[in-house]
Each structure stands twice: as C-alpha cells, then as structure tokens.
Amino acid sequence: IHVAIQVASTDMTVMITGESGTGKESFSKIIHQLSNRKHGQFIAVNCGAIPEGTIDSELFGHEKGSFTGASEARKGYFEVTDGGTIFLDEIGEMPLGTQARLLRVLENGEFIRVGSSKVQKTNVRVVAATNVKLVDAVDKREFREDLYYRLNTVPIFVPPLRERGDDVDLLFRKFASDFSEKHRVKPIKLDADAKALLQKFRFPGNIRQLKNLVEQMSLLEAEKEISANLLNQYLPQDKLGSSSLALLRDIAPEANGMSERDLLYKILFDLKKDVIDLKKLVFEILNGENFSKQQIDNYADILNKYPADGFQSQKLLGSEFTTEAPAPIIIPKTQSNLEINENVHDISHEMEDDTLSIQEKEKELIIKALRKHNNRRKNAAIDLGISERTLYRKLKEYDLEHL
C-alpha cells in the first residue's frame, strides 16, 4: 500500500503481481484515486477474457468496414480513457501482436485504429497485473522481453491471504459489515475457536473466496455468532486427502520430468513387485517347513488373496485402480502336506522375466494397439489415448516405423 501511494502521484507504469483473488484490481484503483488523473476515466480490462481476434479492436478501436461486422467506426479503450488510467488484468494472456501495439503506446503514446493508417495520440496511465510469472513467459517467448521491462517499472507484489496473518479476521469483519449495511441485517461474527480455524485455512481462492464465504454464511445462518463447527461446514474439504498429497510430493523430486502416466506406471510396477516378493516368501516357507493342515489352509487364504500375475484392488492416489487377476492358486484341503507342496507353483522366475522399464511397456502397448487395429495408426492413437502426432513421434523414437 505504501508503494502504491508513493507511485500514484507519478505517471510511471506499475506491474502488480500475485495469486488470483488477492485484490490486485483494488491496488490499481488506489493508484488511480490518489493520482492527478482521479477525475479522468478508469477502465479495467481483462486481457484473458477478450478473444484474440478482437482484442486489438477493443483496445485501439477500428474503422468502419475494417473487418466483417464493423458496420461503424468505434473508439478503443486507449482513446476513451485519454487522461485517465487503464488497468490491464491478466496481461500475460495478451497475444504477441497486441503486445507490440501496447509497447508503442507506452513508449510514444501513439496508436493506430484497426483498418486505419492515421496515427493518434493518447495520454493514458497503464497499470498491469498478472498471476503468472512473466519471467518464465519471456523465456518461453510467449511474452515480449522489452514490454516486460517497460511494464515492470514499479513492481508491487500482493501476498496471498494465508500469508497476511490477522488480515483474515479484519477482512471477515469488513465483508460481514458490508453485507449487513446492504441488506439491513445483523452482521455475523466469529467466536474464538472459529477465528483460530479461519486463520489455519489456506484460502486457495484468497480474498475472493473469503468474501463469498462471508456472504454465504450471512445469508443462510440465522444464528449470527459463528462457531468453529459451523464454520467448518462451509470450508471446502480436501478431496484427495493429506496422504495422497504427501505421496505426490515424495514422488515429484525423483520424477525428472516424467509425465503423470509414467509415474502411475512406476507405482503400479512397484506394487506388483511387492506382491511377487510376498508370494516368493510364502512359497519358500511352504517348501521348507512341515505345517499342519490348519496352518497350510491359512497360507492358502493368503495365496488366493494375492495372485502372482496381478492384484485385485489397490488404493492409489485417492482412486480405486482395479485389474483383473488371473485364476488364484487353490490349495486343496484334503491332500497331504507333500501333495500340497507339489501343487504350489514356483514363481521365483517371475521377476527375471518381468521388465519394469516404462519405455519397454510403452513400446509393447503401441505394438499391441497397432496389431489390434490392423496398423491403422489413427485408430491405434485413439485407443492409446494419445494424439496421432504423438504416436508418429513414438514410432520414430522406438524404431517402429516399419510396422
């Protein structure tokens, strides 16, 4: 806020960064209201909400007949806000061609309407905002480097709500008071436990989410003092669960750029390896020891539960991944220990024949899909859940173009 107050009296461009819903537009209004342009017009434009084909016309205007549907000349935002302030939200979504036009406005105060050759002048203060890292966009050549430095004259970072401490309670009371005045009802308030719970919540939607929460409770709750239990009913719960998130965090550092599907393959193969190791252990125990009929019956239950070449059901990342298991090994209950041991199949060779290479499994799946669809690559790509272009790349990568 202090930086916004300091820069307001100048005409310098300002870049406001922060997560979605942190109140970046509020800072642009602070700058406008405290500037010498406060009597001029203020317009907020969401660059990500305007189609690429019409954004030039929206910002800079167009002449009659300049494109289909242009039945009359139209002024753009930069012409309308001459002497005022224009707030360009989600500036990172602006097309590269429009970025070049914007740079000329910032450098020389000049623009040209779409379909015109006449240069026009404007005196507009530009405040931009984004919730993405423009430095990364510059590296990917998705955002002009010269425009980035021109906009980033004075940077302002708006922290997320979870990092703003007691502001959460202050804003809660502010929104409750606003709702109360607007609808002439008694404002809601939090008890001590509810305040503590509110402080702990991360608010992924930031201030926008908090405001919606307050208005929802103000409307629906007849009891105006909100307890922690009641507040908890309005706070969205994590559907994945902490254990699943922890699993993803543990895998991610070792992924080395692997895709989600590759990670799932890796986890599935690791689970299969664990099951096979368990069966090997049981086999060795049954072969090397003399057990009573009751003890062997107990081992039969274990073997039937964990078949060697598959697994029936395993919780994974909060979802239920199920594969068809082959016929389980049935140990007859009427045979002698020796006969039972003869009927238990040795699976110690399975790990030697089973490869855990993701590339090999992917290659095998591609070959199966091509054979299934009689080498029709388009149908094979659909069956594999990838694009035809990706399939061609994989065929070249695995030297399968001859198929």
Donor-acceptor check, side chain of Lys224 to backbone of Ser218, threshold 3.5 angstrom: yes or no?
yes
So, the side chain of Ser177 versus the backbone of Lys174: is there a donor-acceptor pair under 3.5 Å, distance only?
no
With a 4.5 Å heavy-atom cut-off, do Ile16 and Asp89 have their side chains touching?
no
I'd like to know whether CD of Glu52 has more than 12 heavy-atom contacts from other residues, nucleotides or ligands below 6.0 angstrom.
no
Do Ser387 and Thr390 get their side chains close enough for a donor-acceptor pair, meaning under 3.5 Å?
yes
Crowding at NE2, His183 (>12 non-hydrogen neighbours, <6.0 Å)
yes
Here the gap from Tyr398 atom OH to Glu362 atom CD, rounded to the nearest 0.5 Å, amounts to 3.5 Å
Sorted by chain and residue number, the ring-ring contact (aromatic ring centres under 6.0 Å, His included) partners of Phe201 (sequence neighbours excluded) come out as Phe203
Check: Thr13 side chain, Val127 main-chain N or O, donor-acceptor pair, under 3.5 Å
no
How far does CZ of Arg125 sit from NE2 of His32, to the nearest 0.5 angstrom?
10.5 Å
For residues Pro187 and Ala176, report the shortest heavy-atom separation together with the two atoms involved.
CB-O, 3.9 Å
When rounded to the nearest 0.5 angstrom, what is the spacing between CD in Gln233 and OG in Ser227?
7.5 Å
Charged N-O contact under 4.0 Å between Arg113 and Glu79:
yes
Quick one: CG on Leu370 to CG on Asn379, what's the gap to the nearest 0.5 Å?
10.5 Å
Test Leu395 against Arg377 for side-chain contact (heavy atoms from CB on, under 4.5 Å), laying out the working first.
CA-CA 10 Å; Leu395 291 174; Arg377 297 185 177 182; 3.6 Å; yes
Heavy-atom closest pair (Thr122 atom, Val124 atom, distance to 0.1 Å) is OG1-CG2, 3.0 Å
Side chains of Arg74 and Glu58: closer than 4.5 Å at any heavy-atom pair?
yes
Start with the C-alpha gap between Val135 and Val138, add the side-chain angles, then the distance that decides, and say whether side-chain contact (heavy atoms from CB on, under 4.5 Å) holds.
CA-CA 5 Å; Val135 176; Val138 170; 5.6 Å; no
Mark yes or no for whether Lys24, through its side chain, and Val158, through its backbone, hold a donor-acceptor pair below 3.5 Å.
no
Smallest separation among heavy atoms of Met94 and Cys47, with atom names
CE-SG, 3.7 Å
Donor-acceptor pair, side chain of Arg150 and main chain of Leu106, under 3.5 angstrom
yes
Is it the case that over 12 heavy atoms from other parts of the model lie below 6.0 angstrom from the CD atom of Glu388?
yes
Are side-chain heavy atoms of Pro160 and Arg202 found at a separation under 4.5 Å?
no
Can you classify the ring geometry of Phe78 versus Phe60 as parallel (below 30°), tilted (30 to 60°) or perpendicular (above 60°)?
parallel
If you look at every heavy atom in His62 and Glu72, which pair is closest and at what distance?
NE2-O, 3.2 Å
Step by step, work out the side-chain contact (heavy atoms from CB on, under 4.5 Å) result for Leu134 and Met15.
CA-CA 11 Å; Leu134 285 185; Met15 172 68 77; 3.4 Å; yes
Search all heavy atoms of Leu365 against all heavy atoms of Leu384 and return the closest pair with its distance.
O-CD2, 3.8 Å
Strictly by salt bridge (Lys or Arg N to Asp or Glu O under 4.0 Å), give each pair with a member in residues 153-166 just once, sequence neighbours left out.
Glu19-Arg162, Arg164-Asp167
Does a side-chain heavy-atom distance below 4.5 Å link Arg141 with Leu96?
no
Please check if the side chain of Arg101 supplies one atom and the backbone of Ile112 the other of a donor-acceptor pair under 3.5 Å.
yes
Between Glu110 and Arg104, does any NZ, NE, NH1 or NH2 come within less than 4.0 Å of an OD or OE carboxylate oxygen?
yes
Greater than 12 external heavy atoms within 6.0 Å of Tyr149's OH:
no
Going by heavy atoms in the side chains, are Phe175 and Leu213 under 4.5 Å from each other?
no
My understanding is that only residues two or more places apart in sequence, or in another chain, count here; which of them pass salt bridge (charged side-chain N to carboxylate O under 4.0 Å, His left out) with Glu25?
Lys29
For Phe27 and Ile1, what are the C-alpha separation, side-chain angles and deciding distance, and is it a side-chain contact (heavy atoms from CB on, under 4.5 Å)?
CA-CA 8 Å; Phe27 279 84; Ile1 292 175; 3.9 Å; yes
Under a 4.5 Å cut-off applied to non-hydrogen side-chain atoms, are His373 and Ile382 in contact?
no
Could you check whether any side-chain N or O of Asn206 sits under 3.5 Å from a backbone N or O of Leu161, counting only pairs where one atom can act as donor and the other as acceptor?
yes
Asp82 (side chain) donor-acceptor with Asn123 (main chain) under 3.5 angstrom
yes
Taking the side chain as C-beta and beyond, is there a heavy-atom pair between Leu59 and Val105 under 4.5 Å?
no
Arg208 side-chain N/O to Ser20 backbone N/O, donor-acceptor pair under 3.5 Å
no
Test item: Leu102 and Thr98 side chains (from C-beta on) under 4.5 Å apart, heavy atoms
no
With rounding to the nearest 0.5 angstrom, report the CG to CD1 distance, Leu231 to Ile226.
7.5 Å
Has Leu220 got more than 12 heavy atoms of other residues, nucleotides or ligands less than 6.0 Å from its CG?
yes
Please give me the minimum heavy-atom distance between Ala4 and Ile30, naming the atom from each residue.
CB-CG2, 4.3 Å
Rounding to 0.5 Å, atoms CD (Gln99) and CG (Leu151) come to a distance of 9.0 Å
